[in-house]
Amino acid sequence: MSENVVHLHKPSDPPTPDTAPTVLTVVPDAPPARPVPLWVRSGRAVKVAATHESTRATMRAAARHSLYTLNGGRIVARRTWDGRTGARYERMIRAAEAAGNLEAAEEWEERLQRFRAARHHRRMDLLHSPVEAAKGAAVGAGMSVGVLVALGVVMALNTGHVGDVITPLSATIDFIALLIRIVQVVWGPALTIGPFLALLALWSVGRKQQAAPNWALPANVRSGEGEPITPSIVVKALRDLGVPALRNAIKEMGDAGASMLGPIRIAGCGVEVDVTLPSGVSTNEVQGKRRKLAENLTRHEHEVFITIPQAARTVRLWVADSGALDEPIGPSPLVTDDTMTADYAKGRAPWGQDLRGDAAALSLYQHHLLITGLSNQGKTVALRSLALWLALDKSVQFLMGDLKGVGDWNMFDGLATTLIQGPTDEHVIQVTEMVESAVNEMNRRIQAPPGTVFPPLIVLVDEAQVAFMCPAKDKDKRPYGGSKANSRYFMAVRKIHNQGRAVNVLMWQGTQDPTNENLPKLVREGAHTRASLALGTESQARMALGDKAVDGGAAPNLLRPGLDRGTLVVASDGVTIPAGQSSITVRTHYIDDDAAEAITDRAKALRDGVTTLHAIERGEEHDPLADIAAVVGDAPRVRTKDVLARLATRNADAYGGWSFIDLKRVLDDAGAEPYKSDGVMVVARDRLARALANRDTDGSASADG
């Protein structure tokens, strides 16, 4: 049966204190109120108190100062032991032997022998010291008494009192008694205070060495932001890395691990040091703990880079100054120097800076190029900056396809021979036919007489993953995308990779988020220069840069998306890479659209004028003379070999196999014969215009092969 609980309360209208009645309200079936046990309330109070910031600070302070004293005693004990024994010399011998430095080991062994000989000599002296000390004390006491008596005799002769003979001796005895009384008074308090003074001394030693865990240290010491990198900090960071073999080896080393470290060198906005790992510790064990190592060095993960130099069992650590990598680098020399020109064969493109702060310049000579990374990380800008530099070499020709189609490459209109922009399947078909026309040009060059020098032809496709994933097929059911032997885009790229560099036909590609589907293995491995911005996984990093680069320390998957925009990991022999490394990290210059327009304007001024095609023309009907006039454009004259290249790009089916003889035949028939200018054969715009104006209006010259 349920109990009723009676509550006493006041009415809703507040009466006067004198007239306020007491109202009884009966609440049926109310559960009885149970008192909260005292231990529960106490536990809650302890929990709240333990989580309070002042409580945590007090607990940290108590632990810190207690450990200062404890570890200070350990430090003093070790120092005392090292001073009294040969333990220090034995540790140094073991460290030298572990490092393979036998000369240093022999030197330390000689020092140990000299220390033992000197210690033996001191111990032998101690055997004879009591007798010698007793004799010395007796002689000294006798001489002292004699001096005091002689002094008393002199005083007695001076004063005429015989009693003065013992006055100096008596005064000396009284002084000694006073010293004894002082010692008796001070001894008791000294025995009481002495242990506290000793503990204070140990605490001072521990505090000076910061001998406490990191969590117990004060906040200003614990954060360590911007703390300079010293040998002791590096060794401590390695010791606390969680690798048992490494920790034990450092403890056994006589120099506490200092022999593992090479010199700490200033390297750009950070420092660099080589660490020779002890036997039993592999380099990948250290590489796999990059985040923990960075935190042990009071840095963020992206501020520490671990690479593998040539030396065996060695890792190279580059540690940035705190926050330095978040600061932008300066503008590109392409922007600041409006007199700069390019040299495809001998020059290097100013791309950015490496982590040491040195200029990172890339050679593009006969190098197929692949740049990949997540979306919106600066891939197009990095790729475009290389094309902008190369455009300042007036001999370079461009075929460009932008399968994003948002205008990132608009400034190359009037500079590139072909510029196709758009994301649709039709644009992929156009880009594929453009690449196939480059294959035809490559084949024509290969069949030219030996020794013929060809101008560079750069075939650039941005957002190439769109082409690889295109589902469209041609009339013969051949797919444009994919990675099979009948894939038109894939096979065209492969052909250029196989033979293009020998005749200066080069393939540049930019792609997002590499996978086997949108970037086939044969294509990515055909690039001589491979660069990657931030990626999501290590497997993607291996696809982008290759196993060798990743095993050597390349880790674009550890770059921070968004924060490290424009930072590339590059694997190429076209850029200077430190000896023993397989890759280099480059922070690229940012060139915006306005600056890019200014650079391309300078590049256009170096040329006679280029008519840019925005689509690949198809169909069997064509007018050779009109097509020649179209590719010559507004330039007063164009070299015949450039005309042939532009015709092959304009209509590969009609002009892909043309030679100089074919071109000369059409021009001779029309009365626009090529001629020599400055030693090279050229086609004149005026002659073409006159031939077109004078030919018959019935189109007799419009049909050719």
Side-chain angles (χ1 to χ4, degrees), residues 60 63 67 71 209-253 256-262 264 267 269-309 313-326 355 534-539 541 550-561 563-564 567 569 581 583 585:
R60 281 198 300 266
L67 291 170
N71 292 326
Q209 297 293 327
Q210 294 294 328
N214 191 57
W215 59 266
L217 294 176
N220 59 337
V221 177
R222 186 170 61 252
S223 64
E225 292 294 336
E227 185 178 5
I229 301 300
T230 63
S232 60
I233 289 176
V234 176
V235 172
K236 186 175 184 297
L238 293 169
R239 185 194 67 195
D240 298 338
L241 204 55
V243 181
L246 180 59
R247 181 181 63 250
N248 296 334
I250 292 175
K251 288 182 178 181
E252 293 177 358
M253 291 181 181
S259 61
M260 296 193 307
L261 306 184
I264 296 179
C269 57
V271 296
E272 189 177 71
V273 59
D274 286 354
V275 181
T276 303
L277 301 176
S279 178
V281 182
S282 63
T283 55
N284 60 358
E285 289 182 281
V286 177
Q287 279 186 299
K289 294 182 177 291
R290 177 185 173 192
R291 173 176 293 183
K292 190 170 186 178
L293 178 62
E295 293 172 350
N296 290 348
L297 292 169
T298 64
R299 295 293 191 273
H300 297 290
E301 183 179 13
H302 72 277
E303 294 176 326
V304 175
F305 287 82
I306 306 173
T307 54
I308 310 298
R313 289 201 341 263
T314 302
V315 294
R316 178 168 294 162
L317 308 181
W318 184 87
V319 185
D321 298 334
S322 185
L325 293 183
D326 296 327
L355 295 178
L535 290 173
T537 64
E538 181 180 328
S539 63
V550 174
D551 292 338
N557 53 299
L558 296 181
L559 295 174
R560 302 167 298 167
L563 297 178
D564 289 326
T567 299
V569 182
Q581 296 182 201
S583 65
T585 301

Where is the tightest heavy-atom contact between [X] and [Y], given as atom of each residue plus distance?
X    : Y    : result
L246 : P278 : CD1-CD, 3.6 Å
A267 : W318 : O-NE1, 3.0 Å
L293 : A237 : CD1-CB, 3.9 Å
A245 : G280 : CB-O, 4.0 Å
T537 : S539 : OG1-OG, 3.0 Å
A541 : N557 : CB-OD1, 3.7 Å

Determine whether [X] and [Y] make a side-chain contact, defined as any pair of heavy atoms from C-beta on separated by less than 4.5 Å.
X    : Y    : answer
T283 : T314 : no
V304 : V319 : yes
P231 : I264 : yes
L241 : N296 : yes

Using the side-chain contact (heavy atoms from CB on, under 4.5 Å) rule, take V273 and I229 through it: C-alpha gap first, then chi angles, then the decisive distance, then the call.
CA-CA 10 Å; V273 59; I229 301 300; 5.7 Å; no
Separation between [atom1] of [X] and [atom2] of [Y], rounded to the nearest 0.5 Å:
X    : Y    : atom1 : atom2 : result
T298 : E303 : OG1   : CD    : 9.0 Å
L297 : L238 : CG    : CG    : 7.5 Å
R313 : M260 : CZ    : CE    : 11.0 Å
L317 : T307 : CG    : OG1   : 8.0 Å

E285: which residues meet the salt bridge (Lys or Arg N to Asp or Glu O under 4.0 Å) condition with it, sequence neighbours left out?
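Counting only residues at least two positions away or on another chain, E285 forms no salt bridge (Lys or Arg N to Asp or Glu O under 4.0 Å).
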Output all residues satisfying salt bridge (Lys or Arg N to Asp or Glu O under 4.0 Å) with R291, sequence neighbours left out; order by chain, then residue number.
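Counting only residues at least two positions away or on another chain, R291 forms a salt bridge (Lys or Arg N to Asp or Glu O under 4.0 Å) with E301.
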When you measure from the side chain of R290 to the backbone N and O of I306, does any donor-acceptor pair fall under 3.5 Å?
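No, R290 side chain to I306 backbone: no donor-acceptor pair under 3.5 Å.
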Under 6.0 Å from the six-membered ring centre of F305 and within 45° of its axis: does the NZ or CZ of R316 meet both?
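Negative - R316 is either too far from the ring of F305 or too far off its axis.
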Steps toward side-chain contact (heavy atoms from CB on, under 4.5 Å) verdict (V286, V243):
CA-CA 8 Å; V286 177; V243 181; 5.7 Å; no
I308 and Q287: side-chain contact (heavy atoms from CB on, under 4.5 Å), yes or no, with the steps?
CA-CA 9 Å; I308 310 298; Q287 279 186 299; 3.8 Å; yes
